[in-house]
Chemist: 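Can you keep this structure in mind? I'll have questions shortly.
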Amino acid sequence: MTDPLALEPILAPPERSRPAFNEERPHDERFALFEAHVVAGGKVEPTDWMPDEYRNAVLRFVEMHANSELMGVLPEREWLMRAPTLRRKLALTAKVQDEVGHAQLLYRVAEDLGKTREAMYDDLLAGNTKFHNVFHYPTRGWADVGLIAWLVDAAAIVAQQALRDSSYAPYARTMRKICWEESVHIMHGRDVVVTMATGTATQQAAIQDALDRWWGPLMQMHGPRSPRDKDRDIHWRIKAKTSEELRQEFLTIYVPRIREIGLVIPDPELRWDAEAGVWDYAEPDWAELRTVVTNHGPMSQQRLEFRRISREETRWVREAVLGVPDAA
Amino acid sequence: MTPTLEPWEVFRQEREGEPMRHGGSVMAPDAELAAHYAREMFGRRQESVRLWVVRRSDVIDIDDADLLQPPLDRSFKKPGGYVMRDKLAAAREASGQPKPKARSG
């Protein structure tokens, strides 16, 4: 312990608030310092120096997330005017507003990495960038709305909770806000599902039918298994968990909750292997996942077309905001 | 002159008496729209009682380690810099007094 009477005025350099890779050095040296910082759990702020490999990896990840939030409201908005009660309509409207807000927050994070919002919209509409598989499917009935709000959001939140510790600090901070808002959506969705599961025979059949149709896409949602040591997003600590870890976590939490309300999961191979400590399940249809996320899903083109039209229709707003002079 | 979009930083207070904390940022061409966006992004659930919206370019960012983290011993400015355990033990032995009980509560 330091005796204050024997003060040593100069100490060894402390942990500096500004990491050493921000200083001018040869690129390889900087890169190595940056990598060591991130791998050791260090955080990166937008004003820090970062190698292009990292910048591009974060941008790609956040942009895909933002696209998914933006496109993800379309299956739900179709049911705004058909919600069964005023309270359900208010809740669904609030959810749609939240998800668009999440897209705004995430595009904001991506913009600071150097890509303009207009360029991101262009790429989304041109099919150069992707959005999540689950938003390429039709919402056939009110049961789908409940199921999406509960289980799609639940599968997403499992992934998003693991992102609250992302090495890219602005993303991690944004995820904390988003997770807080998503937890409301899950409660809203679960309430819709439980209401139908305990309702009339028609309602019960409708919610089981929705689960039957959505289970496949839900199991594909986190993506195929990939080795942890080959995953560059994990290497850079942009995300913390592999696809399979997220899927297992989702199953552990939600299989009992789905069964609790009397619904039957349409996978006869689904079982908990107590010995191995993992869920066994029928191999998800990865060909379907590839088809769907490359915009060949049942609703892909229709949803993108909706975005194209709405972008045209709102052009005058952007022009008014930016003061673009009249063409005439 | 054509206005351009620029980032505005948003700070929010969750409850009366709490500190203002950084919430995130919005893109806007002027203060009026920045305030509207901030309200939509950070206040629509009644999760804030106050917002501050600041043009990012007006923020003075100081992260100079030589200024903020100089390698000088500042332990005399912190409670942990005063370690008396052994000296107090010696004093008690000399005075014959017991160690005062830790106050509860």
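Note that these values count all heavy atoms, side chains included, but never hydrogens, waters or copies made by symmetry.
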Chemist: Would B/Tyr37 and A/Arg108 count as a side-chain contact (heavy atoms from CB on, under 4.5 Å) here? Give the steps.
Modeler: CA-CA 12 Å; B/Tyr37 292 149; A/Arg108 192 72 273 296; over 6 Å; no

Chemist: For A/Gln104 and B/Glu40, test the side chains for any donor-to-acceptor distance below 3.5 angstrom and give the result as yes or no.
Modeler: no

Chemist: Between B/Arg85 and chain A, with a heavy-atom cut-off of 4.5 Å, which part of the residue counts as in contact: side chain, backbone, both or neither?
Modeler: neither

Chemist: What residue, out of A/Asp112, A/Val109, A/Val184, has the most heavy-atom pairs lying under 4.5 Å from chain B?
Modeler: A/Asp112

Chemist: Run the side-chain contact (heavy atoms from CB on, under 4.5 Å) test on A/His102 and B/Met41 for me, step by step, so that the C-alpha distance in whole Å, both residues' side-chain angles and the decisive distance to 0.1 Å come before the verdict.
Modeler: CA-CA 9 Å; A/His102 297 167; B/Met41 291 293 143; over 6 Å; no

Chemist: Please step through side-chain contact (heavy atoms from CB on, under 4.5 Å) for the pair B/Met27 and A/Tyr107, ending with a clear verdict.
Modeler: CA-CA 10 Å; B/Met27 284 293 250; A/Tyr107 281 128; over 6 Å; no

Chemist: More than 12 heavy atoms of other residues, nucleotides or ligands under 6.0 Å from CZ of B/Arg50: yes or no?
Modeler: no

Chemist: Could you tell me whether A/Met187 atom CE has more than 12 heavy atoms of other residues or ligands within 6.0 Å of it?
Modeler: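 No, CE of A/Met187 has 12 or fewer neighbouring heavy atoms, counting only those of other groups under 6.0 Å.
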
Chemist: Side chain, backbone, both or neither: which part of A/Arg176 has a heavy atom under 4.5 Å from chain B?
Modeler: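 Contact with chain B is absent: no heavy atom of A/Arg176 under 4.5 Å.
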
Chemist: For atom CZ of A/Arg60, decide whether the heavy atoms of other residues, nucleotides or ligands shown that lie under 6.0 angstrom number more than 12.
Modeler: no

Chemist: Answer yes or no: does atom CH2 of B/Trp52 have more than 12 heavy-atom neighbours from other residues, nucleotides or ligands under 6.0 Å?
Modeler: no

Chemist: Which one wins on heavy-atom pair count under 4.5 Å against chain A: B/Gly24, B/Gly23, B/Ser25, B/Ala28?
Modeler: B/Ser25

Chemist: Could you measure the distance from the OG1 atom of A/Thr47 to the CG atom of B/Asp63? Nearest 0.5 Å is fine.
Modeler: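 Output value for this atom pair is 6.5 Å.
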
Chemist: Say you draw a straight line from CD of A/Glu111 to CG of B/Leu5; how long is it, rounded to the nearest 0.5 Å?
Modeler: 8.0 Å

Chemist: Quick check: are there more than 12 heavy atoms from other residues, nucleotides or ligands sitting under 6.0 Å from CZ of B/Arg21?
Modeler: no

Chemist: Which region of A/Gln97, side chain (C-beta onward) or backbone (N, CA, C, O), has a non-hydrogen atom less than 4.5 Å from a non-hydrogen atom of chain B, or is it both or neither?
Modeler: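 Answer is both: backbone and side chain atoms of A/Gln97 are under 4.5 Å from chain B.
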
Chemist: A quick test of your reading: do over 12 heavy atoms of other residues, nucleotides or ligands sit less than 6.0 Å from CZ of B/Arg92?
Modeler: yes

